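One structure below.
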Amino acid sequence: MSRISETTLVIGTDIAKHNHVARAFNYRGIEIDKRCLFQSDENGLLNLLMWIESIKQEHGLTDVLLGVETTGHYWLPLFHFLKQRARYRSRAGEPASCQEKQGT
């Protein structure tokens, strides 16, 4: 994975059955905007993209790293949508296995 730098916007998502939440952080892990609530339909996913792009512009960020929780199957519409429409680095994984890999 490429390094996270001062120009990286880090987005963390919590995926559920109907309603999802995204949060935006800078490279130091400091939250830099209010959360974004969205759904897996096209309108909700487009709103997520607009939210991400507005934060990039407001904070002068050029790169996006988006993390997606992969428990269940509810994350798949987001993953496929972003793969087709956005050029963001993404990381997908179950929280337990990510913690194991990080040694925590």
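Keep in mind the model is a prediction, meaning the values are calculated, not measured.
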Quiz item: Transitively linked via ILVMFWY side-chain contacts under 4.5 Å: Leu46 with Leu48?
Solution: yes
Quiz item: Does one hydrophobic cluster hold both Ile15 and Leu76, with members joined at side-chain heavy-atom distances below 4.5 Å?
Solution: yes
Practice problem: Can you sort out the partners of Glu6 under salt bridge (Lys or Arg N to Asp or Glu O under 4.0 Å), two or more places apart, ordered by chain and number? | Solution: none
Quiz item: Ile32: what forms a side chain to side chain contact (heavy atoms under 4.5 Å, CB included) with it, not counting sequence neighbours?
Solution: Leu9, Ala24, Asn26, Ile55, His59, Leu61
Practice problem: List for me each residue that meets side chain to side chain contact (heavy atoms under 4.5 Å, CB included) alongside Thr7, sequence neighbours excluded, and say none if there are none. | Solution: Ser5, Thr62
Roughly how far, to the nearest 0.5 Å, is [atom2] of [Y] from [atom1] of [X]?
{"X": "His73", "Y": "Lys17", "atom1": "NE2", "atom2": "NZ", "answer": "8.0 Å"}
{"X": "Thr8", "Y": "Lys56", "atom1": "OG1", "atom2": "NZ", "answer": "10.5 Å"}
{"X": "Leu65", "Y": "Ile4", "atom1": "CG", "atom2": "CD1", "answer": "5.0 Å"}
{"X": "Leu82", "Y": "Ile52", "atom1": "CG", "atom2": "CD1", "answer": "6.5 Å"}

Quiz item: Do Leu49 and Phe81 have side chains that get closer than 4.5 Å, going by heavy atoms?
Solution: yes
Quiz item: Do Phe38 and Leu45 have side-chain heavy atoms sitting under 4.5 Å apart?
Solution: yes
Quiz prompt | Of all pairs that satisfy side chain to side chain donor-acceptor pair (under 3.5 Å), the ones with a partner from residues 30-39, not counting sequence neighbours | solution = Asn19-Gln39, Arg23-Glu31, Asp33-Trp51
Quiz item: Who pairs with Ser40 by side-chain hydrogen bond (donor to acceptor under 3.5 Å, both in side chains), at least two apart in sequence or on another chain?
Solution: His20
Exercise. Identify the two heavy atoms, one from Ala22 and one from Thr13, that lie closest to each other, and give their separation to 0.1 Å.
Key: CB-CG2, 4.0 Å
Quiz item: Cluster partners of Leu37, using ILVMFWY side-chain heavy atoms under 4.5 angstrom, listed by chain and number?
Solution: Val21
